[in-house]
Structure formats: C-alpha cells, structure tokens
Amino acid sequence: MSEVRVRIAPSPSGNLHVGTARTALFNYLFAKKNNGKFVLRIEDTDAERTSQEYVDNIFDSLKALGLNWDEGPDVGGEYGPYTQSERFDIYPKYIQELLDKGFAYECFCTPEELEAEKEEATANKKAYVYSKKCENLTEEEKAQLRAEGRKPAIRFNIAKAQKAFHESSILKFDDLVKGELQMDTNLIGDFVIMKSNGAPTYNYAVVIDDALMKITHVIRGEDHISNTYKQILIFEALGFDVPRFGHLGMILAPDRSKLSKRHGATAVSDFVEQGYLTEALVNFVALLGWAPSDGEEVKPVEKIAEDFRIGEISSSNSIFEYDKLKWMNSHYIKALPIATLKEILKKYLTKYNLTELSDEQYTRMVEITREPLTLLSDITEAVSYFFGGKNVDIEEEVQTTVLDLPESQDILKAFVEQGEGWEWTEHNLHEKLDAFRGEFKEKGIKPKATMWAIRGAITGRTRGADMTATLAILGKENCLERAKKSIK
RNA sequence: GCCCCCAUCGUCUAGAGGCCUAGGACAACACCCUUUCACGGUGUAGACAGCGAUUCGAAUUCGCUUGGGGGUACCA
C-alpha cells in the first residue's frame, strides 16, 4: 500500500475550535500509527470570512497541542502551495476537463430563480433538487444570456457521473468509522463547483486539493457525510483515486446543542487563556469517542498514537464535559515539574509584587498551593494572602465564625506571646505548633480549632495551603503583626 | 418538509450472542487519613430508550417507534 497521507483543512474564519482540534488530533494519530504524513491545508476560498489573524491562531494552537504537520503553508512540501487562495490558478483546468467530459455545465440561473425553485419544493414537501434548467442550453442561448450580462456558474452533473461509474443511482462507500454508508444520488442536486465570480466552491476545491496532495484517508466530522457523495463523484469523473473516508461524531455542549461561546471556551486559545494546559486538553479530547485498550486514560499523545485504532472510534456524538477536562487539567498540573510550573504561573500573578518573595519562598509557595488547582488561573486567588506584608483582608465569615470566638482570642494571644521566642523556620514551626496544639487540647480545645484561629488571622480565610509552610514563607514579623491585628 | 447519521450510568466509555446479577473514568454522596483546605484511600448510588422479531439464549442481529445530531447554499 502506498504511503498514508492525511490532512486537516481548517477554514480560517475563526480561532481554532476544539472540534477541529479533535479532528486534527485523530488525523495526526492515524498518521503516526501508520507511519504516514500529516498535512495542514488552509481553506480560505471565501475571502470575505477569512483573515490572517485566524490563520496565525490555527498555527499556534495546533503547535501548542503538539500536533506538528509534515507539510503545510509554512513548512512547504512537495505538493504545495498549501493555502487554497494561492491555488486558484490550478482549479480552472479541471473545471474545463469536467466541462469537456460532459460532467459539468454552465448555469445562468439568477439567485431569484433558484430561490423560487426552492420555495416550490418546500411547498410540495419535496427535497429540493436543482431543476437542471441550464443543463442543455444551446450555444445560441448561452450567447444570448451572456449578452444580457449574465455570468455563468459551473454545476456538476450528478446523474451523468453516477451513471458513468455506478450501476444504480445508489452511491455507497465504506466509512472507516461508520461502516457502509449510502445515499440515493437522485436526491442530490447538481451543485455549483465554480462560482460565477470564478472562485471554486468547497466541494470542488477539496477534491482537487486532496487528489493533488495525494491524500489517502480523509478523516473529518460527520457533518461532511453528505458532501462525501458529491466528492466521490468528482474524484471519479476526473479519474483520480478515491481516498478512504472516516467520519467522526460531533462534539456537543452539555445541553446537546452545538458547542458555542455561551457554554464557555470553544477555541483552543480560549482554553489556554483560561488556564488549561494543552497536554490536558489534547488528552481529554482524545477520550471523546475513543478509549485506550488498557483503560489508562491519562497518557501523552505519543502513547495514544501507539494504541490508536481508527475503526474503534465511537460513531456517535459526544458531549464536551468541562468537569472531566478540569480533572484532567489538575492531574497535569500536579505532574508538572516545579520549575516549569513556577514560570507558567507568573502569567497569572502579575497583580502581585513578586519581589516580596525570595525565589526560595516563591518555590515553596507554589509547592504548597498547587494541589487544589484545577485551572492555572486559580492560583491568582489561592495565593493572595502571601502578599501584603503585615496586612491581610479578613473574610467576613472568618471574622464572625472564627476570630470573634473567645477561644480564638485566647489562642491568638498565646500565639503572639510564644511566637516571639520561636525560631521561625518551617521545621521548627512544625514542632512548636504541635506542642502549641497540645497545650490547648488540654484545655479542651480541638487541634482543628487552634489551627483555624491561626489560619483565620494570618490568611483571612478558612481554607488554604499548608499552615506551617505558609507561616514560614510569610516570616515572623508579618505573621505576628497579622495575629495582633485580630486580637481585640 | 425531505435526506443521512447516531442511541449502555448525569457525562466519556468497555462490551463485536452465552464470560454481564453490564466493567472503568469524571461528577455526586458517605466514610477514612489529616493541624485547615486539598491530595489520597475505601465504599455507595447510578445505564443497556421503547416495542416487536430471530435464537435454546440478545446490551450485542433485524424491523418499527421515539429521541438526539447533521445535511439540505454561487459557506467551508
């Protein structure tokens, strides 16, 4: 068998969507598993909805996810260019071939005429199929229409192609993930392959590009199933090898509608912005429709590739559940080397004066606050009480339910008194505090309550990082001052 | 409307006629660990959409119904 070649062909009309990212991932996995090539092609035939900003976003997102392409607009390759708008000179040639072979014809219908046909079809509860009004126009008639100033679009002749290569009107193909799929081609209208302005349409351009780029397997979303029949016919009409197709279920939002902005992040870059690690994102998205054979869900892309079997992808849609993504993300955050984490986190700590902490203190702070993080951005709030020196904001609830208690007042007074004499290192504090709790335990105060009083006064909160380490990082002076301020 | 695809716990899934009184993961809940929070550990609850058919036997095969998704453009 010839070399496996797959592609991802995003349209730069928006930032890279997670759905597209998943399609890209499955293509990438398939290529890796089969020692093939992964191609990136930018489909920007519709100039109005396309922008360079989005092209850049697509590049960056794909790279961040680790889905590096072997051929593409930036890295080039044997079958370039890899941007459709730069390929406009090669599309007309095959249009002409289709025209010559009788598989395509000029259509002079106006938008109004077409609209009328559609309305009639819906009124009769029939599927809309183009009337083929222009199929057999004579040269005189065409000349006449041209003289009126009409510019023709080119339509593909479905019935002709179907008859030329298949026995019945039913067109079948064996889908890589869904198995045999079929469609009655009588229900497909003769669609436009070249617009009257000379630009190729999607269904036509993809075929030319896939054929010329020697794509062997087309893996994409199932929203393309209906296009597949049209594309197969064009491949055949032009004498190209028809690639294998594989259609993935869609990714839906928790309410089963299309995943959109109102559900939260949708673009890969949005997720990154919100504090998700791309390793977690790509791992999570791989689990949508696919399951590892060993049951180990957390694993890097390269491991997934080894285990990847396209025929075992689920053919149904799957819902994008943020909960599991968050769990995955916290998992990856915990696995990150501390040095890396320290750097990444700085982006979320710009509101603080990091110079208040030595590198050693900063390191320790990250170590003790990383545990509960589900998003990197959670660090911003989690760490607030490490800054501000002698002052800290006390939460209302902490004030009333903890600090106002008489026993808490006693604890704090003793803490300030004894603390003065303590050597303020984490190791020593650990021991001192242990004895301190014991002292109060004898008076009938639970260790928990003792710590809560201290935590409340020092951090202003009821929850937070390891208390001993927190005290050590803040230093004796800051801690005792904060404690004093909570004593009435 | 018409056409196509899909259907196992709330979610992602395992399951390719007997191994299934349906397994795992996330979420939920309970308990344990613990100087708080968290992490971790243990456990509980939770599904084969419905109806027919085939078969000795069906989550697994077939049909219908229902539900969900997609397509129906001179968008991609």
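As a basis for the values below, the full set of heavy atoms in this structure was taken, side chains included, without hydrogen atoms, waters or symmetry mates. In the text below, chain A, chain B and the rest are named by the order of the sequence lines, each starting its count at 1.
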(message) Quick check for you: to the nearest 0.5 Å, what is the distance between A:Leu233 atom CG and A:Leu98 atom CG?
(response) 10.5 Å
(request) Take the protein atom CG of A:Asp44 and the nucleotide atom P of B:C75, then report the distance between them rounded to whole Å. (result) 14 Å
(request) May I ask which nucleotide in the shown strands pairs with B:C74, Watson-Crick or G-U wobble, both distances under 3.5 Å? (result) none
(message) Taking B:C12 as the reference, what is the distance to B:C48 when you measure between their P atoms (whole Å, please)?
(response) 16 Å
(message) Strictly below 4.0 Å, N to O, side chains only: are A:Lys326 and A:Asp378 in salt-bridge contact?
(response) no
(request) Quickly, which of A:Lys132, A:Lys230, A:Arg155 forms a salt bridge (Lys or Arg N to Asp or Glu O under 4.0 Å) with A:Asp190? Name it, please. (result) A:Lys132
(message) Within the structure provided, determine whether A:Thr462 and A:Arg455 are in side-chain contact (heavy-atom separation under 4.5 Å).
(response) no
(message) Between A:Trp424 (side chain only) and A:Leu471 (backbone N and O only), is there a donor and an acceptor less than 3.5 Å apart?
(response) yes
(request) Choose from B:C74, B:C6, B:U13 the nucleotide whose nearest atom is closest to any side-chain atom of A:Ser315. (result) B:C6
(message) So, OP1 or OP2 of B:C4: does either fall under 4.0 Å of a side-chain N or O from A:Lys178?
(response) no
(request) Please state how far atom CD1 in A:Ile251 lies from atom P in B:U11, giving the value in whole angstrom units. (result) 16 Å
(request) With P as the reference atom in both, quote the distance from B:A16 to B:U72 in angstrom, rounded to an integer. (result) 37 Å
(request) Can you tell me, in whole Å, how much space there is between the C1' of B:A59 and that of B:U21? (result) 14 Å
(message) Give me the distance, rounded to whole Å, that separates B:G68 from B:C75 when you measure between the C1' atoms they each carry.
(response) 25 Å
(request) Can you tell me the distance, in whole Å, between the CZ atom of A:Phe88 and the P atom of B:C74? (result) 17 Å
(message) Any non-hydrogen side-chain atom of A:Glu297 less than 4.5 Å from a side-chain atom of A:Lys324?
(response) yes
(request) Nearest whole angstrom, please: distance from the P of B:C2 to the CD1 of A:Ile188. (result) 18 Å
(message) Please report the distance, rounded to the nearest Å, between CD1 in A:Ile193 and C1' in B:C74.
(response) 12 Å
(request) For A:Glu117 and B:U72, give me the distance from atom CD to atom P, rounded to whole Å. (result) 17 Å
(request) Could you check whether A:Ser196 gets within reach of a base, just the sugar-phosphate, or nothing at all, counting any heavy atom under 4.0 Å? (result) base
(message) Within the 4.0 Å heavy-atom criterion, would you say A:Arg155 contacts the bases, only the backbone, or no part of the nucleic acid?
(response) sugar-phosphate
(message) For the NZ atom on A:Lys334, are there more than 12 heavy atoms of other groups (residues, nucleotides or ligands in this structure) within a distance under 6.0 Å?
(response) yes
(message) Taking only the C1' atom of each, what is the distance from B:C20 to B:C2 in whole angstrom?
(response) 41 Å
(message) At under 4.0 Å between heavy atoms, how does the protein contact nucleotides 25-37 of chain B? Give one character per nucleotide, 5' to 3', with B, S or -.
(response) BSS-------BBB
(request) Quote, to the nearest angstrom, the C1' distance that separates B:A58 from B:G50. (result) 16 Å
(message) Students often get this wrong, so: under 4.0 angstrom with heavy atoms, is A:Lys125 touching a base, only sugar-phosphate, or nothing?
(response) sugar-phosphate
(message) How long is the straight-line distance from CZ of A:Phe156 back to CG of A:Asn203, given to the nearest 0.5 Å?
(response) 10.5 Å
(message) In whole Å, I'd like the distance from the CG atom of A:Leu187 to the C1' atom of B:G1.
(response) 12 Å
(request) Measure the CG-CH2 distance between A:Asn428 and A:Trp422 for me, rounded to the nearest 0.5 Å. (result) 9.0 Å
(request) Considering only atom P, compute the distance from B:U11 to B:G46 and round it to an integer number of Å. (result) 16 Å
(message) Any strand counts, and the cut-off is 3.5 Å on both contacts for Watson-Crick or G-U wobble. Which nucleotide pairs with B:C39?
(response) none
(message) Protein within reach of the bases, or only the backbone? For nucleotides 61-70 of chain B, mark each nucleotide 5' to 3' as B, S or -, using heavy atoms under 4.0 Å.
(response) --------SS
At a cut-off of 3.5 Å, list every protein nitrogen or oxygen paired with a nitrogen or oxygen from nucleotides 14-16 of chain B, distance to 0.1 Å.
none

(request) Scan A:Leu181 against the nucleic acid and name what it touches under 4.0 Å (heavy atoms): base, sugar-phosphate only, or nothing. (result) sugar-phosphate
(request) Identify the nucleotide, in any strand shown, that forms a Watson-Crick or G-U wobble pair with B:C26, with both distances under 3.5 Å; if there is none, say none. (result) B:G10
(request) Before accepting this row, confirm whether a basic side-chain N of the pair A:Lys432/A:Glu423 lies closer than 4.0 Å to the acidic partner's carboxylate O. (result) no
(message) Looking at A:Arg87 and A:Pro81, would you say the former's side chain and the latter's main chain have a donor-acceptor pair under 3.5 Å?
(response) yes
(request) Going by the side-chain contact (heavy atoms from CB on, under 4.5 Å) test, name the single residue among A:Ile411, A:Ile445, A:Thr450 that passes it with A:Arg437. (result) A:Thr450
(message) Taking only the C1' atom of each, what is the distance from B:A47 to B:G24 in whole angstrom?
(response) 14 Å
(request) Report the base-pairing partner of B:A59 (Watson-Crick or G-U wobble, both distances below 3.5 angstrom), or none. (result) none
(message) Is it the case that the side chain of A:Ser61 and the backbone of A:Ile58 share a donor-acceptor pair, with hydrogens and angles ignored and the cut-off at 3.5 Å?
(response) no
(request) Using whole Å, report how far OH of A:Tyr229 lies from C1' of B:U72. (result) 14 Å
(request) Let me know, please, whether A:Val192 or A:Ala121 comes out on the 5' side of the other along RNA chain B by nearest nucleotide. (result) A:Ala121
(message) Please tell me if A:Thr45 has a side-chain N or O lying less than 4.0 Å from either OP1 or OP2 of B:A76.
(response) yes
(request) State which residue, out of A:Asp210, A:Asp175, A:Asp174, fulfils the salt bridge (Lys or Arg N to Asp or Glu O under 4.0 Å) condition with A:Arg244. (result) A:Asp174
